[in-house]
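First up is the structure itself, then whatever we jot down about it.
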Amino acid sequence: MGQSVVSVVCVLSLIVGTCFASSQVSDRITELPGQPKNVGFAQYSGYVTVNEQAGRALFYWLVETPASRKPESRPLVLWLNGGPGCSSVAYGAAEEIGPFHIRPDGKTLYLNPYAWSSLANLLFLESPAGVGFSYTNTSSDLYTAGDKKTAEDAYTFLVNWFERFPQYKHRDFYIAGESYAGHYVPQLSQIVYQRNKGVQNPIINFKGFLVGNAVTDDYHDYVGTFEYWWTHGLISDSTYRLLRVACDFGSSQHPSLECMKALNVAVLEQGKIDPYSIYTRPCNNTQSLKRELKGHYPWMSRAYDPCTDRYSEVYFNRPEVQKALHANLTRISYPWKTCSDIVGNYWADSPLSMLPIYQELIAAGLRIWVYRLVAGAKYTKD
Ligand SMILES: *[C@@H]1O[C@H](CO)[C@@H](O)[C@H](O)[C@H]1NC(C)=O
Ligand SMILES: *[C@@H]1O[C@H](CO)[C@@H](O)[C@H](O)[C@H]1NC(C)=O
Ligand SMILES: *[C@@H]1O[C@H](CO)[C@@H](O)[C@H](O)[C@H]1NC(C)=O
């Protein structure tokens, strides 16, 4: 895609009254380093500014359904990972439902046969600013992220993104995610629903949402988590009782000191395990890359590979990958990480329960799908 094409689009859109610093054409991904040839689907990625004063911009990656499956007739699904502070590119796209997964060499990609993009156009968003390639020019933003700002910025992102991709205006639109996105998804859904109210033929043609392994209601999430640990022999009877007392009615994002102490005891008792897949070995940093390269190819046996996020930290920090993705154009001062500790640790507001939003949106007739994935089958993280 030459610069001239971009400027032509910009000149044309100037005539119509809009010219964006970044356009759909310049966001088109020609090819990602190490990707299989002739994949038959289009990809776009780039930045959408969500706050000009602060200089906050969110990074997105759109993967369309294969041309043979008529992407223009398929819905658009926004995908969000949780944490808070974790990247949808790291987990959703590169480990879970995206079209490409990363080989242990951290350089080459292989096709994911279970990609959701074979049925829907997938829009991965790294959110909030400070996560992945999404950034802010006001560093204090990193220490003040929370549910409210995340939802408002994501809504602004959507409004601006649809201007860049007008072919998706009025298209059936769903919001999906997992884990702490159990907060993001209903909260963003509520904003979209409320701002669409009374609008005929809304641009964001919101139909419903999907959440997996979702943080939903802190009290019941705690009860379920503790019971799971206890009934799987990961913690003792006494630690189980301690957790139930110390964390009763507490916030999972801001646990009380007593609850934090009890959680530490539980973690120590569990030992070095992979909490996302308790029957398989955890990732062993020092040996994993070497072992995998020796010819043990986990994607062939479809075995769970606990080290995949290590491969993505190598892949997405490659300058040629960032160039192909139109990412990190402003030379962000820290490397790309799967999860931002700062954003996650300083998380501000986190309501105890999403159930009131469910009540509102169920009554509104939206389609809602809440699902759970069981350890040992296909897994999800953060
Ligand atoms: C952030 O600052 C850089 C460097 O000044 C600038 O190029 C970029 O456009 C700014 N980002 C936003 C979203 O304003
Ligand atoms: C990780 O691998 C190294 C080298 O093979 C080994 O010495 C170490 O014990 C392993 N650690 C775990 C937790 O498996
Ligand atoms: C952005 O690029 C700079 C080099 O220009 C690099 O040092 C930094 O790690 C990168 N950050 C991210 C988030 O990709």
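Bear in mind that the values here come from a model prediction, so they are computed numbers and not experimental data. Values reported hereafter were calculated over all heavy atoms of this structure, with side chains retained and with hydrogens, waters and symmetry mates removed. In each ligand, atom 1 is the first atom listed, and ligand 1 is the first ligand listed.
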Point to revise | Step-by-step side chain to side chain contact (heavy atoms under 4.5 Å, CB included) determination, V48 to T156 | key: CA-CA 9 Å; V48 172; T156 307; over 6 Å; no

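Remark: Y346 OH is loosely packed, at most 12 non-hydrogen atoms of other residues, nucleotides or ligands lying under 6.0 Å away.
Using the six-membered ring where Trp is involved, W161 and Y168 have ring planes that are tilted, between 30° and 60° apart. F206 and F173 have tilted rings, their planes meeting at an angle from 30° to 60° on a 0 to 90° scale.
Taking the charged nitrogens against the carboxylate oxygens, E31 and K37 do have a contact shorter than 4.0 Å, which makes a salt bridge.
Geometrically, R195 engages Y155 in a cation-pi contact, judged by NZ or CZ lying under 6.0 Å from the ring centre and within 45° of the ring axis.
Annotation: ligand 3 has protein neighbours F133, Q322, N328, R331, I332, Y334, P335, W336, each with a heavy atom less than 4.0 angstrom from the ligand.
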